[in-house]
Amino acid sequence: MKAEFFLADEAAQTEMGARLGKLFPRGVIYLEGDLGCGKTTFSRGLIQGLGHQGAVKSPTYTLVEPYLLKDHCVYHFDLYRLADPEELEYIGIRDYFDDTALCLIEWPQKGQGFLPPADLHLDFCVEKDGRSLKITALSPAGQAALQQLT
Ligand code: ADP
Ligand code: MG
């Protein structure tokens with residue numbers, strides 16, 4: 001199942017993130033698209049929508065930022081600077097992918113072969129002054145969430 005959305009401004013971007021987070025609080029989400037297309041902005045809306053009160057920084061330099069929410073963890077990855085997917089073994093990547101966590105992964109193609117499969121694949125693109133967002137559901141859980149989002 002696929003769906004497409006147009007997000008006219010930054011507020012629409014964070015709002016859509018918050019909506020998706022409430023429908024899909026656990027599992028694996030890949031966020032793809034060029035630099036500046038709003039992946040981190042969307043993630044910020046999602047994480048804050050799940051109750052995180054502080055800032056959401058881009059994990060470009062840290063590779064991953066953990067957020068301990070009320071009843072589960074969100075791990076926000078940005079693999080842009082990863083030179084070799086094997087480096088993920090050294091940071092103990094497997095420990096992040098437990099059944100209760102939500103993993104948001106920017107630049108998943110840089111970690112190919114070392115990441116779990118996505119439930120939802122998000123593809124962002126600059127369009128006019130806003131962003132287009134294509135969502136593909138790749139698992140039953142992802143499908144259920146996407147159905148409610150549309
Ligand atoms: P990425 O993580 O994909 O590199 P960012 O989330 O850092 O992108 O966003 C880059 C810029 O795009 C930010 O200045 C942000 O405010 C802006 N932006 C995000 N979403 C939208 C949108 N829907 N419309 C217009 N600008 C947006
Ligand atoms: Mg980013």
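Since this is a predicted model, take the numbers as computed values, not measurements. Counting starts at 1 for both ligands and their atoms, in listed order. Throughout, residue positions are numbered sequentially from 1 according to the sequence presented.
- Less than 4.0 angstrom separates some heavy atom of E106 from each of these atoms of ligand 1: 2 (O).
- Of the heavy atoms in R44, none comes closer than 4.0 Å to ligand 1.
- The Mg ion (ligand 2) has no N, O or S atom of S58 under 2.8 Å away, backbone or side chain.
- For ligand 1, the polar-atom distance check finds an N/O of G36 within less than 3.5 Å of one of the ligand's N/O atoms.
- Heavy-atom contacts of D34 reach the following atoms of ligand 1: 3 (O) (cutoff under 4.0 Å).
- Taking a cut-off of under 4.0 Å to the non-hydrogen atoms of D129, the atoms of ligand 1 that pass are 24 (N), 25 (C).
- For the pair G38 and ligand 1, the shortest N or O to N or O distance falls below 3.5 Å.
- When the N, O or S atoms of E106 are ranked by distance to the Mg ion (ligand 2), OE1 comes first.
- In summary, the atoms of ligand 1 found under 4.0 Å from a heavy atom of L35, numbered by their order in the structure, are 4 (O).
- When atom types are taken as modelled, the side chain of S139 and the backbone of G142 share a donor-acceptor pair closer than 3.5 angstrom.
- Neither the backbone nor the side chain of D78 has any atom closer than 4.0 Å to an atom of ligand 1 (non-hydrogen atoms only).
- Remark: ligand 1 atoms within the under-4.0 Å shell around heavy atoms of Q13 are 20 (N), 21 (C), 22 (C), 23 (N).
- E32 has no carboxylate O lying under 4.0 Å from a charged side-chain N of K39, or vice versa, which leaves the two without a salt bridge.
- Near L7, meaning under 4.0 Å from one of its heavy atoms, ligand 1 places the atoms 22 (C), 23 (N), 24 (N).
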T40/E106 under side chain to side chain donor-acceptor pair (under 3.5 Å): CA gap, chis, key distance, verdict: CA-CA 8 Å; T40 298; E106 298 186 35; 2.7 Å; yes
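- The aromatic rings of F77 and Y96 stand perpendicular to each other, their planes meeting at an angle above 60°, with 30° marking the opposite boundary.
- Put simply, atom 14 (O) of ligand 1 has no protein non-hydrogen atoms near it, under 4.0 Å away.
- Contacts of A8 with ligand 1, taken as heavy-atom pairs under 4.0 Å, involve the backbone alone.
- With a 4.0 Å heavy-atom cut-off, ligand 1 is reached by no atom of L31.
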